[in-house]
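A quick write-up on the structure given underneath.
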Amino acid sequence: MRLVYTADLHGVAASYQSLFDLAVARGARAAIVGGDLFPHAIRTESALDLQRAFIHDHIRPMLQALRNDHPEVAVFLLPGNDDWAAAAAALGPLESEGLVYPLHERVYDLQAMGLSDAPLWLAGYACVPLTPFSIKDYERADDGPLPPYSFGMAFMSASGKIRPATARDIVALPTIGAAMATLAQKSDPARTIYVCHTPPFDTPLDLMPRGRHTGSKALAAFIAQRQPLLTLHGHIHEAPQQSGQFAAQLGATWAANPGHDPRAFYAIALDTADVAGTIEHTVYGKLKRGA
């Protein structure tokens, strides 16, 4: 199955349109955004209205136009740690209209949907290891203790309203490892594409300046144990620039993070029948030999 993928669009409508145009140009059956869908919104008094308005004013019209002109392209959207859960819930009516498929903690049978000729599933997980940032809806405990970040300006909105969040709130939720184990029970991992906003730890896909790695250790262990067909990531915008790689082979698994740069549209296109031979970046081109 041909697909196009990007992440970290942060509410830039033109980048959504670029992704949909790329899907049409490449004959893709799926266009996927892997996290951080909406404009950055931290002012609690207006954050939900801002992100919901982006869905209504920008995402909905583009999805309607894509369905009218190219109904063969299915759109899958995964929120990320810069998105409010209460705003992401506004994708529900678009799903009811058949415009979009929300991905967080969902698994889709792509063959049953008519998108793939061979058995193939698509699963999504939005959460990242704990960060110093304020929005905690899509942050979870990774392997080991929580890092010593302050919760003085931490908030969650899963209840439908923004409220203060504490470390106890995070500890009470399933860890990244537990959530991935649950997803693995819903499909054959060897024939599943996992879209996870966090990249796996200690790979070219989570490399930050000064050699720091900030991906998920639990996700790295999941990939090593389950060896899925393909994993798609985002979150660490500069990783491809720092490592020189937008894709890496982790055992039998191909994993990719296209990165993000506001000066250009970063995305990848590939065919799941031959990931290594077909994966191509909109800026960096085809996969380098030996990458």
Side-chain angles (χ1 to χ4, degrees), residues 6-12 15 33-52 54-55 77-90 103-105 124-176 179 195-201 205-219 233-242 257-262 266:
T6 191
D8 303 292
L9 298 187
H10 294 284
V12 178
S15 294
V33 184
D36 288 353
L37 303 172
F38 313 133
H40 183 68
I42 196 58
R43 294 176 63 88
T44 56
E45 65 273 17
S46 59
L48 297 184
D49 287 343
L50 176 64
Q51 293 195 346
R52 287 167 175 161
F54 180 74
I55 295 172
L77 299 182
L78 179 79
N81 61 295
D82 209 37
D83 300 322
W84 292 98
L103 260 176
H104 180 51
E105 295 185 324
Y125 185 64
C127 301
V128 305
L130 207 66
T131 77
F133 307 125
S134 293
I135 304 174
K136 300 300 179 187
D137 281 327
Y138 296 111
E139 296 191 6
R140 297 292 185 270
D142 199 32
D143 284 354
L146 296 182
Y149 297 137
S150 170
F151 277 77
M153 290 294 290
F155 302 93
M156 303 181 87
S157 73
S159 64
K161 296 182 179 180
I162 295 176
R163 64 169 181 81
T166 66
R168 184 174 298 179
D169 291 320
I170 300 294
V171 171
L173 295 167
T175 64
I176 292 175
V195 182
C196 302
H197 188 51
T198 181
F201 179 75
L205 310 181
D206 78 325
L207 184 61
M208 296 185 68
R210 298 186 297 278
R212 294 178 298 148
H213 291 273
T214 57
S216 167
K217 294 179 180 179
L219 179 61
H233 311 281
H235 188 42
I236 309 302
H237 296 186
E238 61 269 59
Q241 297 172 349
Q242 293 293 317
N257 174 6
H260 172 76
D261 188 324
Y266 279 28

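All figures in this text were calculated on a predicted structure; none of them were measured in a lab.
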Identify the heavy atoms of [X] and [Y] that sit nearest to each other, and give their distance.
X      : Y      : answer
Asn257 : Ala239 : ND2-CB, 3.8 Å
Leu48  : Gly160 : CD1-O, 3.8 Å
Ala158 : Ala85  : CA-CB, 4.1 Å
Pro258 : Ala7   : CG-N, 4.4 Å
Pro79  : His104 : CD-CB, 4.1 Å
Ile236 : Leu205 : CB-O, 4.1 Å

Mind checking the [atom1]-[atom2] spacing from [X] to [Y]? Nearest 0.5 Å is all I need.
X      : Y      : atom1 : atom2 : value
Asp142 : Cys127 : CG    : SG    : 11.0 Å
Phe38  : Asp82  : CZ    : CG    : 10.5 Å
Leu50  : Trp84  : CG    : CH2   : 11.5 Å
Arg210 : Gln242 : CZ    : CD    : 9.5 Å
Arg140 : Leu130 : CZ    : CG    : 10.5 Å
Ser134 : Ile42  : OG    : CD1   : 4.0 Å

Determine the interplanar angle of the His197 and His235 rings, folded into 0 to 90°, and report it as parallel if under 30°, tilted if 30 to 60°, perpendicular if over 60°.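 Geometry flag for His235 against His197: tilted rings.
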With Pro129 as reference, evaluate Thr175, Ile176, Asp143 under the side-chain contact (heavy atoms from CB on, under 4.5 Å) test and give the passing residue. Ile176
Listed once per pair and sorted, the salt bridge (charged side-chain N to carboxylate O under 4.0 Å, His left out) pairs that draw on residues 144-157, sequence neighbours left out: none
Any salt bridge (charged side-chain N to carboxylate O under 4.0 Å, His left out) pairs touching residues 34-43, not counting sequence neighbours?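 Qualifying pairs: Arg43-Glu45.
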Under the 3.5 angstrom rule, does the side chain of Asp8 hit a backbone N or O of Gly234 as a donor-acceptor pair?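 It does not hold such a pair.
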Determine, step by step, whether Lys136 and Phe155 satisfy the side chain to side chain contact (heavy atoms under 4.5 Å, CB included) criterion, reporting the C-alpha distance in whole Å, the side-chain angles of both residues, the deciding distance to 0.1 Å, and the verdict. CA-CA 6 Å; Lys136 300 300 179 187; Phe155 302 93; over 6 Å; no
Criterion side chain to side chain contact (heavy atoms under 4.5 Å, CB included) on Phe201 and Ser216, from CA distance to verdict: CA-CA 5 Å; Phe201 179 75; Ser216 167; 5.7 Å; no
I want to check something: taking the side chain as every heavy atom from C-beta on, are [X] and [Y] in contact at a cut-off of under 4.5 Å?
X      : Y      : value
Tyr266 : Gln241 : yes
Pro200 : His233 : yes
Met156 : Ile162 : no
Ile170 : Phe151 : yes

Hey, is CZ on Arg212 packed in by over 12 heavy atoms from elsewhere, all under 6.0 Å? yes
Thr198, Thr131, Asn81 screened by side-chain hydrogen bond (donor to acceptor under 3.5 Å, both in side chains) with Glu139, the one that passes: Thr131
What residue pairs, at least two apart or across chains, pass side-chain hydrogen bond (donor to acceptor under 3.5 Å, both in side chains) with a residue in residues 157-166?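 Residue pairs passing side-chain hydrogen bond (donor to acceptor under 3.5 Å, both in side chains), neighbours aside: Asp137-Ser157, Arg163-Asp169, Thr166-Asp169.
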